[in-house]
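Taking it in order: structure first as structure tokens, then the write-up.
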Amino acid sequence: MYSDKVMEHFNSPRNMGEIENPDGVGTVGNAKCGDIMRIYLEVEDDIIVDVKFKTFGCGAAVATSSMATELIKGKTIDEALELTNKAVVEALDGLPPAKIHCSVLAEEAIKAAIEDYKNKRKDAE
Ligand code: FES
């Protein structure tokens, strides 16, 4: 029921871990399944130079975190904000309908991390 890409990202997730002193962190959870996803960002001149994730959740949540981090690495903050869960699902060659919410978590975690980055920057001004 899972695509080869989902299985591949689940078996060898990219960008798993954390960043010390990140420029932005976003943590989101899904109340229904109880899964939690955290995204760490390192940003230089508005470009995401590094991104890591920690996911306490299902296999699809791990695979979508992995793919989502790959998709925003090297992108500008504005480009990363445009990433939708749909794009993540497409990049993974699809997800079963019951697992779409896992990809929503990835989109939300990235948006939360970017918001944190923007707030931190505002405080520093
Ligand atoms: Fe909830 Fe996958 S089952 S994130």
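Atom set for the values below is all heavy atoms of this structure, side chains included, hydrogens, waters and symmetry mates excluded. Indexing begins at 1, ligand by ligand and atom by atom, following the structure's order.
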*Salt-bridged, Arg14 to Glu8, with N to O below 4.0 Å?*
yes
_For Asn15 and Tyr40, which I'm curious about, is there any donor-acceptor pair between the side chains at under 3.5 Å?_
no
_Which atom of Ala80 lies closest to which atom of Ile72, heavy atoms considered_ = CB-CG2, 3.8 Å
*Short question: side chain of Asp35, backbone of Cys58 - any donor-acceptor pair under 3.5 Å?*
yes
*Under 2.8 Å from atom 2 (Fe) of ligand 1, how many protein N/O/S atoms do you get? Just the number, please.*
2
*Evaluate the criterion side-chain hydrogen bond (donor to acceptor under 3.5 Å, both in side chains) for residue pair Ser3 and Asp93; output intermediate values, then yes/no.*
CA-CA 6 Å; Ser3 71; Asp93 293 337; 5.0 Å; no
*Compare all side-chain heavy atoms of Lys118 with those of Leu81 and state whether any distance is below 4.5 angstrom.*
yes
